[in-house]
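All remarks here apply to the structure that follows.
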Amino acid sequence: MLDPKFIELNNELVKEKLSSRGMKFDLEGFNKLVSNRKEIIKEVEQLESEKNKGSKQIGKLKREGNTGELDALMEELKVISEKVKNLNEKRSDAESELNQFLLQIPNIPNDSVPLGSDENDNVEVRKWGEPKDFEFEIKDHVELGEKHDILDLKRATKIAGSRFALYKGLGARLERALINFMLDVHTMDHGYTEVLPPFVANKDSFTGTGNLPKFEEDLFKLKDTEYYLVPTAEVPVTNIHRDEILSFEDLPVKYVAYTPCFRKEAGSYGKDVHGIMRQHQFNKVELVKFSKPEDSYSELEALTNDASRILELLELPYRVVALCSGDLGFSSAKTYDLEVWVPSERRYREISSCSNFGSFQARRANIRYKPFKEPKPSLLHTLNGSGVAVGRAVIAIIENYQQEDGSIEIPRVLIPYMNGVKTIS
RNA sequence: GGAGAGAUGGCCGAGUGGUCGAAGGCGCUCGAUUGCUAAUCGAGUAAGGGGCUAACCCCCCUUCGAGGGUUCGAAUCCCUCUCUCUCCGCCA
């Protein structure tokens, strides 16, 4: 959520920035809502002040035993009280209208974000590793997965439906090995604190991170409850500190969490129907940071590096892409995508998305910190990124590490996590 | 699932219709003092919103788990909900 005061003071900038991400900002509507709210507040507060004074007066008169003017005063206050009641209803209407308006508005892109309208305008920042030249006919992860009986998509469909996976044997172990490997690297080398959060969260949490109210159709809601399955660990982990005030000394706070992620993938019909690229349920190791505002962009660079290091250790070719304004996620001020090389598609595919949300989520979720030597708490900045998506890492490993005989080598760093298994054959 | 108790400021905790935004304590900040990481004394110490302002000061409103109600007036009375704790039952 944007700061209404900031919008008031910078409405041209806001308009321009939002249009860079393809959104038309209704300035007139906004101004109307704001001034409407202020007017009502002024009026109601004046009446309340009158009411309070009168009530105090009554208390005083009663104590003094002076009952002469009581009835008249009480009658008068009754009228005021009625007015206040009515106005307060108007006030809460005005405030929730403004709130609803603000909740629909995406974050403002940072100045460093390249301008553009869609993913074709994203900018490649750097590349690591070389896509391998295979001297034989390669197979995709589905074919290889079935061949070695490590991936059983047919039976997954029987159990649940399409877009679900059943890992078996060394496939299941590979998934688990990756999770443990990633958690170890981020906790031991990168200084993150491991958390294991609930896999469901409530409405307040989803509103805090910006998934609600706008994106309810992407979520699995549990029937007859207020719970939703988490689409990413970002939701429960960012909400760890909702409605809290942290000390500047504690910042940055860095968490890493493994969770499964549940997404309806509404609107992606026909996209990535083959294999496990796009699932209703997938595993992910997520990095989340709470940072001082002045540090958040350097923290974003660091976070992106922490995520890329996983790919480097796995020796998977990847590139880093800066999302353009038009492709930016709703809550994000700046995003880098990490894209891993997928041989069967002969292109890079997203495996991690690292974002700085500025104070956008912090305002919604009311996460603040006490700055050094300043009495008033202020909003901190939140960041997160996948470190990395486990299912897609499995695809990348299976395909990039395939051998001519159809066997799959295990990346060196994973062998200890695979109990010494070096090849799937 | 059954029975009971509770939720107050950063923390602990008093407060059952008006002088309560809230005693007292801890913590923290500042000052004084003692020859030395401590003790003692004094002062200060919630958040959000609105107005004024260049900014501060100041003024006003709201907030005692959340939401409603009664009342001129609610931390205090009534209703609903959420959460926590204790006992019993069940259980990975």
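Convention: sequence-line order gives letters A, B, ...; per-chain numbering from 1.
- Remark: A:Ser49 is in phosphate contact with B:C61, judged by side-chain N or O atoms under 4.0 Å from OP1 or OP2.
- Comparing the P positions of B:C57 and B:U45 gives a spacing of 13 Å, expressed to the nearest Å.
- Note on A:Arg37 versus A:Glu95: salt bridge recorded, some NZ/NE/NH1/NH2 to OD/OE distance being below 4.0 Å.
- With A:Tyr228 as reference, A:Phe206 is the one residue of A:Phe206, A:Phe215, A:Phe262, A:Phe220 to meet the ring pair (Phe, Tyr, Trp, His ring centres under 6.0 Å) rule.
- Cation-pi geometry between A:Lys15 and A:Phe25 is not met at under 6.0 angstrom from the ring centre and within 45 degrees of the axis.
- Among the duplex regions that RNA chain B forms, those built from at least three successive Watson-Crick or G-U pairs under 3.5 Å are B:1-7 with B:82-88, B:10-12 with B:24-26, B:27-32 with B:40-45, B:46-51 with B:58-63, B:65-69 with B:77-81, ordered by first number.
- Under the 3.5 Å distance criterion, with hydrogens and angles disregarded, a donor-acceptor pair is assigned to the side chains of A:Asp140 and A:His274.
- A sub-4.0 Å separation between OP1 or OP2 of B:C72 and a side-chain N or O of A:Asn52 is absent.
- Closest-nucleotide positions on RNA chain B for A:Lys42 and A:Gly59 were compared, and the one nearer the 5' end corresponds to A:Gly59.
- For the C1' atoms, the distance linking B:A46 with B:G35 amounts to 39 Å, nearest Å.
- As a whole-Å value, the separation of A:Lys56 NZ from B:C60 C1' is 12 Å.
- What separates CD1 of A:Ile41 from C1' of B:G51 is a distance of 11 Å, to the nearest Å.
- Ion pairing between A:Glu97 and A:Lys32 fails under the 4.0 Å rule for side-chain N and carboxylate O.
- Comparing the C1' positions of B:U8 and B:A22 gives an interatomic distance of 9 Å, to the nearest angstrom.
- Atom-to-atom, CD of A:Glu48 to P of B:C59 comes out at 19 Å; the value is rounded to the nearest Å.
- Taking atom CG on A:Asp204 and atom C1' on B:C83, their separation rounds to 13 Å, with Å as the unit.
- Look at the C1' atom in both B:C20 and B:U62: the space between them is 15 Å, to the nearest Å.
- When the C1' atom is compared between B:A14 and B:G69, the two are found 27 Å apart, to the nearest whole Å.
- B:G73 atom P lies 12 Å from atom CD of A:Glu75, rounded to whole Å.
- Look at A:Arg368 and you won't find any side-chain N or O under 4.0 angstrom from OP1 or OP2 of B:A47.
- Using a 4.0 Å heavy-atom criterion, one finds that A:Lys53 contacts no nucleic acid atom at all.
- A salt bridge is defined here as a Lys NZ or Arg NE, NH1 or NH2 lying under 4.0 Å from an Asp or Glu carboxylate O, and A:Glu345 with A:Arg349 meets this definition.
- Under the side-chain contact (heavy atoms from CB on, under 4.5 Å) rule, A:Phe30 has a single partner from A:Leu98, A:Asn11, A:Leu2, A:Val14, which is A:Leu98.
- Ranked by how close their nearest RNA chain B nucleotide is to the 5' end, A:Leu77 and A:Glu50 are led by A:Glu50.
- In this entry the distance linking CD of A:Gln57 with C1' of B:G73 reads 13 Å, nearest Å.
- A salt bridge is absent between A:Arg21 and A:Asp327; no separation between the charged side-chain nitrogens and carboxylate oxygens falls under 4.0 Å.
- Checking B:G69, B:G50, B:C61 against every side-chain atom of A:Lys85, the shortest atom distance belongs to B:G69.
- The interatomic distance linking A:Lys51 (NZ) with B:U71 (P) rounds to 13 Å, in whole Å.
- Contact check on A:Glu217 versus A:Lys264 returns no salt bridge, with no Lys/Arg side-chain nitrogen under 4.0 Å from an Asp/Glu carboxylate oxygen.
- Nucleotides B:A7 and B:G13 have their P atoms positioned 10 Å apart, rounded to a whole Å.
- For the OP1/OP2 pair of B:U71 and a distance below 4.0 Å, the side-chain nitrogens and oxygens of A:Ser81 include no atom meeting the criterion.
- For A:Ser55, whose side chain is taken as the heavy atoms from C-beta onward, the closest listed nucleotide among B:C72, B:G50, B:C61 is B:C72.
- Rounded to a whole angstrom, the distance from the C1' atom of B:G18 to that of B:A5 is 30 Å.
- For A:Glu45 against B:G49, a side-chain N or O and a base N or O form a donor-acceptor pair under 3.5 Å.
- When the P atom is used for both B:C11 and B:A23, the distance is 16 Å, rounded to whole Å.
- One donor-acceptor pair, N or O on each side, does fall under 3.5 Å between the base of B:G18 and the side chain of A:Lys62.
- Using a 4.0 Å cut-off, some side-chain N or O of A:Arg37 falls inside it from OP1 or OP2 of B:G50.
- If you take CD of A:Glu89 and C1' of B:G67, they are 14 Å apart, rounded to a whole angstrom.
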